[in-house]
Amino acid sequence: METLKNARIGSTVRVVKLHGEGAVKRRIMDMGITKGVDIYVRKVAPLGDPVEVTVRGYELSLRKADAEMVEVQ
């Protein structure tokens, strides 16, 4: 299973599934990350936290723990 956390810088990935439950999953979905959306990985901080992505035309920073919940292909 490939997650957003493991995606390479400069790549565009598509969301396959969101893992997690309740409020955490709802917060990720409220940020615009839903099944089938394309995400461009812009930058990753030196220690891997946070991950900066472009989704639905805006820039977003995700914590490493949140990026692990997004399964991509």
Side-chain angles (χ1 to χ4, degrees):
M1 175 179 85
E2 185 181 353
T3 63
L4 185 57
K5 176 189 163 204
N6 301 331
R8 289 183 299 177
I9 298 170
S11 64
T12 300
V13 294
R14 178 161 289 175
V15 177
V16 176
K17 184 175 181 182
L18 294 175
H19 298 277
E21 295 180 7
V24 175
K25 185 175 181 179
R26 169 57 52 195
R27 187 167 48 83
I28 292 172
M29 291 174 70
D30 287 344
M31 289 187 269
I33 299 174
T34 55
K35 184 178 177 182
V37 74
D38 290 332
I39 298 176
Y40 174 71
V41 182
R42 294 177 52 86
K43 298 180 204 170
V44 178
L47 297 176
D49 197 16
V51 177
E52 187 176 312
V53 298
T54 300
V55 59
R56 298 183 190 261
Y58 69 95
E59 295 176 8
L60 177 68
S61 291
L62 289 171
R63 292 183 293 187
K64 189 167 29 174
D66 293 341
E68 279 182 316
M69 294 182 191
V70 181
E71 183 178 340
V72 297
Q73 68 177 13

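Values reported hereafter were calculated over all heavy atoms of this structure, with side chains retained and with hydrogens, waters and symmetry mates removed.
In terms of heavy atoms, G36 sits closest to R14 at O-NE, 3.4 Å. In this structure, V13 and A7 approach most closely via the heavy-atom pair CG1-CB, 4.1 Å. The nearest pair of heavy atoms linking T12 to D38 is CG2-CB, 4.1 Å.
Two different hydrophobic clusters hold V16 and V41 under the rule that ILVMFWY side chains link at heavy-atom gaps under 4.5 Å. Residues I33 and Y40 are members of separate hydrophobic clusters, defined by side-chain heavy-atom contacts under 4.5 angstrom among Ile, Leu, Val, Met, Phe, Trp and Tyr.
Separation of atoms NZ (K5) and CD (E68) is listed at 4.0 Å; rounding is to 0.5 Å. Between the OG1 atom of T54 and the NZ atom of K43 there is a distance of 10.0 Å, given to the nearest 0.5 Å. Rounding to the nearest 0.5 Å gives a distance of 7.5 Å between CG of L62 and CD1 of I39.
No side-chain heavy atom of V15 sits under 4.5 Å from any side-chain heavy atom of V55. The closest side-chain heavy-atom distance from V70 to L18 is below 4.5 Å. Looking at heavy atoms from C-beta onward, D66 lies out of side-chain contact with V51 at the 4.5 angstrom threshold. Looking only at side-chain heavy atoms (C-beta outward), H19 and E71 come within less than 4.5 Å of each other. Side-chain contact between T34 and R56: present, with at least one pair of heavy atoms (C-beta onward) separated by less than 4.5 Å.
Other residues, nucleotides and ligands place more than 12 heavy atoms under 6.0 Å from the CZ atom of R27.
For the side chain to side chain contact (heavy atoms under 4.5 Å, CB included) with K64, the lone residue among T3, L47, D49 that qualifies is D49.
With sequence neighbours left out, I9 forms a side chain to side chain contact (heavy atoms under 4.5 Å, CB included) with V44. Under the side chain to side chain contact (heavy atoms under 4.5 Å, CB included) criterion, K35 pairs with no residue at all, not counting sequence neighbours.
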